[in-house]
Undergrad: 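Below you will find the structure I want to go over with you.
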Amino acid sequence: MINALRGMKDLLDNDGKLYKFIVETCEEVAKNYRYEFCETPKMEETGLFKRSVGESSDIVGKEMYQFTDKGGNDVCLRPEGTAGVVRAFIEAKFDKAGGVKKYFYSGSMFRYERPQRGRLREFHQFGVECFGESSVYEDASVILMLSEILNKFNIKTTLKINSLGDSECMPLYRQKLVKFLESKDGLCEDCQRRIKTNPIRVLDCKNDHCQMLLKDAPLITDNLNQICSSEFEKLKEILAQNGVKFEVDARLVRGLDYYCKTAFEFVSDEIGSKSAVAGGGRYDRLVEFLGGKATPGVGWAMGIERIMEILKQKELPNFRDGIYICALDNAYVNDIYKIAFELRKEHKVEVSYEAKSPNKHLNLADKKNAKIFLCIGEDEAKNSQIWYKNLDTKEEKRINISNLKGEL
Ligand code: HAM
């Protein structure tokens with residue numbers, strides 16, 4: 001017996017429906033913000049993620065599914081979606097063309113992490129990326145879009161925001177922070193390493209002792225230059241004006257190296273302690289860093305399995321739809337089969353090839369989540385009619401077969 005790999009899951013039945021429901025809801029909202037579908041490969045050259053997500057990040061340092069393919073290329077399964085979309089944007093020469101491009105995507109991401117609730121090795125993200133727009137109104141727009149999506153799912157979250165500064169104030173802040181960190185004894189091994197590779201990551205270390213030592217650490221929000229500081233103020237103003245509540249978390253640094261200015265996360269208590277259900281931010285240097293013409297970018301990604309975990313604890317959405325059509329006697333199976341063939345041009349139809357008792361058929365229709373039950377028995381056959389039952393409203397009637405399409 002061969003099972004799925006650890007940390008990888010099948011999406012069947014209600015899980016599959018829930019997954020589709022989440023993606024379709026996200027797409028609907030993203031389209032209202034004029035974002036367009038895109039899809040990029042699930043495997044890329046390893047160098048793409050090393051250069052963008054960053055060699056010092058846990059994702060690149062510890063979690064990549066990396067291997068040499070048969071042609072001797074160093075490749076890996078994508079651990080996140082942004083780098084691939086940026087590569088595609090540059091490869092299509094959209095950076096040279098200028099203008100604004102806005103994309104949404106969904107699909108598998110791979111991280112070799114220790115699996116637990118809401119944390120998988122193959123998981124799915126829905127994400128959006130906007131290129132060519134430097135206005136802070138777009139930072140606000142992507143946050144409003146995400147907040148709108150989470151509201152549609154009725155999920156309670158806390159929005160945390162921060163500004164990481166730009167290429168002017170971020171390095172100065174780093175120097176200040178390193179000086180502070182070097183004056184502290186007893187930071188954990190990971191933090192010792194991070195001081196050298198990416199000091200701001202020390203700020204979100206989960207070790208209690210480190211957090212105690214960091215109590216008086218300088219904060220990035222106190223060290224922003226004038227542009228970053230006024231844009232951060234503007235972002236807070238727009239969010240407040242549009243009714244989106246937030247907390248400023250000056251220690252929110254995110255686990256990926258490409259961010260500057262805005263960084264944010266929506267966290268929820270509903271899947272273990274304060275898990276991020278979605279996160280993102282601005283990445284104005286990434287396009288240039290990957291070889292393109294300097295183009296600002298901003299976006300986010302949501303963990304679909306995390307949303308699924310939360311929704312499963314609530315009442316599931318009603319997935320009933322389509323028609324279940326059946327017969328009470330095998331003599332009528334040909335008839336219902338023919339009717340189904342016609343109906344399938346417009347409707348989702350499940351046909352039962354075997355006669356059964358009304359109750360058995362009704363149970364099956366219910367199990368299959370059908371909304372409409374159609375059945376032919378002796379009485380109906382005699383009158384060229386069909387028995388109709390709406391399994392949501394329980395309304396029942398007989399319909400003349402010649403009128404069926406119109407009645408449905
Ligand atoms: P991220 O924070 O690494 O950001 O991932 C986004 C979301 O993916 C997380 O908030 C979480 O819900 C989900 N996620 C991450 N790892 C796992 C896992 N092992 N199992 C289940 N869910 C997981 C990014 O990936 C950036 N590319 C987001 C972005 C887009 N920034 C700008 N544009």
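Hydrogens, waters and symmetry mates play no part in the numbers below; they use all other heavy atoms, side chains included. Throughout, residue positions are numbered sequentially from 1 according to the sequence presented. Whatever order the structure lists ligands and atoms in, that order sets their numbers, starting from 1.
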Undergrad: Looking only at protein heavy atoms, which one is nearest to atom 31 (N) of ligand 1, and what is the separation?
TA: Y259 OH, 2.6 Å
Undergrad: Which heavy atom of the protein is the closest neighbour of atom 3 (O) of ligand 1, given with residue, atom name and distance?
TA: R111 NH2, 2.8 Å
Undergrad: Minimum distance, heavy atoms only, to atom 26 (C) of ligand 1: which one of W300, Y258, Y105 is it?
TA: Y258
Undergrad: For ligand 1, find out whether one of its N or O atoms is nearer than 3.5 Å to an N or O atom of E305.
TA: no
Undergrad: Where the side chain of T46 meets the backbone of V75, is there a donor-acceptor pair that is under 3.5 Å apart?
TA: yes
Undergrad: For R87, which residues count as a side-chain hydrogen bond (donor to acceptor under 3.5 Å, both in side chains) partner, sequence neighbours excluded?
TA: E44, E91
Undergrad: Using distance alone, decide if ligand 1 has a nitrogen or oxygen within less than 3.5 Å of any nitrogen or oxygen in Y283.
TA: no
Undergrad: Identify the closest protein heavy atom to atom 9 (C) of ligand 1: which residue and atom is it, and at what distance?
TA: A276 O, 4.1 Å
Undergrad: Please check if the side chain of Y332 supplies one atom and the backbone of A355 the other of a donor-acceptor pair under 3.5 Å.
TA: no
Undergrad: Say whether, by atom type as modelled, one donor and one acceptor occur between the side chain of K93 and the main chain of I90 under 3.5 angstrom.
TA: no
Undergrad: Short list, please: which atoms of ligand 1 are under 4.0 Å from a heavy atom of V277?
TA: 10 (O), 12 (O)
Undergrad: Pull out every atom of ligand 1 sitting under 4.0 Å from any heavy atom of G280, numbered as shown with elements.
TA: 31 (N)
Undergrad: Answer yes or no for G255: is there a heavy-atom contact with ligand 1 below 4.0 Å?
TA: no
Undergrad: For ligand 1, note which part of A301 has a heavy atom under 4.0 Å away: side chain, backbone, both or neither.
TA: both
Undergrad: Do other residues, nucleotides or ligands put more than 12 heavy atoms under 6.0 Å from the NZ atom of K397?
TA: yes
Undergrad: Closer than 4.0 angstrom, basic N to acidic O: yes or no for E342 and K345?
TA: yes
Undergrad: Numbering the atoms of ligand 1 from 1, which are under 4.0 Å from a heavy atom of G279?
TA: 10 (O), 28 (C), 29 (C)
Undergrad: Return the set of residues passing salt bridge (Lys or Arg N to Asp or Glu O under 4.0 Å) with D74 (not counting sequence neighbours), or none when no residue passes.
TA: none
Undergrad: With heavy-atom distances below 4.0 Å as the criterion, list the atoms of ligand 1 near G118.
TA: 20 (N), 21 (C), 22 (N)
Undergrad: Are a donor atom and an acceptor atom from the side chains of K314 and N154 found within less than 3.5 Å of each other?
TA: no
Undergrad: Looking only at heavy atoms of G127, does any of them come nearer than 4.0 Å to an atom of ligand 1?
TA: no
Undergrad: Within the side chain of T295, is there an N or O that forms a donor-acceptor pair under 3.5 Å with the backbone of K293?
TA: yes
Undergrad: Is there a donor-acceptor pair closer than 3.5 Å between any side-chain N or O of R282 and the backbone N or O of T262?
TA: no
Undergrad: What protein heavy atom sits nearest atom 33 (N) of ligand 1, and how far off is it?
TA: E129 OE1, 2.8 Å
Undergrad: Given that the side chain starts at C-beta and the backbone is N, CA, C, O, which of these parts of M109 lies under 4.0 Å from ligand 1, counting heavy atoms, or is it both or neither?
TA: neither
Undergrad: Yes or no: does R121 have any heavy atom under 4.0 Å from an atom of ligand 1?
TA: no
Undergrad: Give the residue and atom name of whichever protein heavy atom lies nearest to atom 5 (O) of ligand 1, and the separation in Å to one decimal.
TA: Q125 NE2, 3.1 Å
Undergrad: I'd like to know if R285 and E288 make a salt bridge, using a cut-off of under 4.0 Å between side-chain N and carboxylate O.
TA: no
Undergrad: For ligand 1 and G303, I'd like to know whether there is a polar contact (N/O to N/O, distance under 3.5 Å).
TA: yes
Undergrad: Which residue holds the protein heavy atom closest to atom 20 (N) of ligand 1, what is that atom called, and what is the gap in Å?
TA: L120 N, 2.9 Å
Undergrad: For atom 27 (N) of ligand 1, what's the nearest protein heavy atom and its distance?
TA: E80 OE1, 2.5 Å
Undergrad: For E237, is there an ion pair with K234 - N to carboxylate O distance below 4.0 angstrom?
TA: yes
Undergrad: Counting from 1, what ligand 1 atoms have a heavy atom of G299 closer than 4.0 Å?
TA: 30 (C), 31 (N), 32 (C), 33 (N)
Undergrad: Less than 3.5 Å apart, any donor N or O on the side chain of S56 or D257 sitting next to an acceptor on the other?
TA: yes
Undergrad: Closest non-hydrogen protein atom to atom 14 (N) of ligand 1, residue and atom name please, with distance?
TA: F123 CE1, 3.5 Å
Undergrad: I want to check a possible cation-pi pair here: K101 against F94, using under 6.0 Å from ring centre and within 45° of the ring axis as the test.
TA: yes
Undergrad: Hey, which atoms in ligand 1 end up nearer than 4.0 Å to a heavy atom of L256?
TA: 3 (O), 4 (O)
Undergrad: Would you check the N or O atoms of I59, main chain and side chain alike, for any that come under 3.5 Å of an N or O of ligand 1?
TA: no
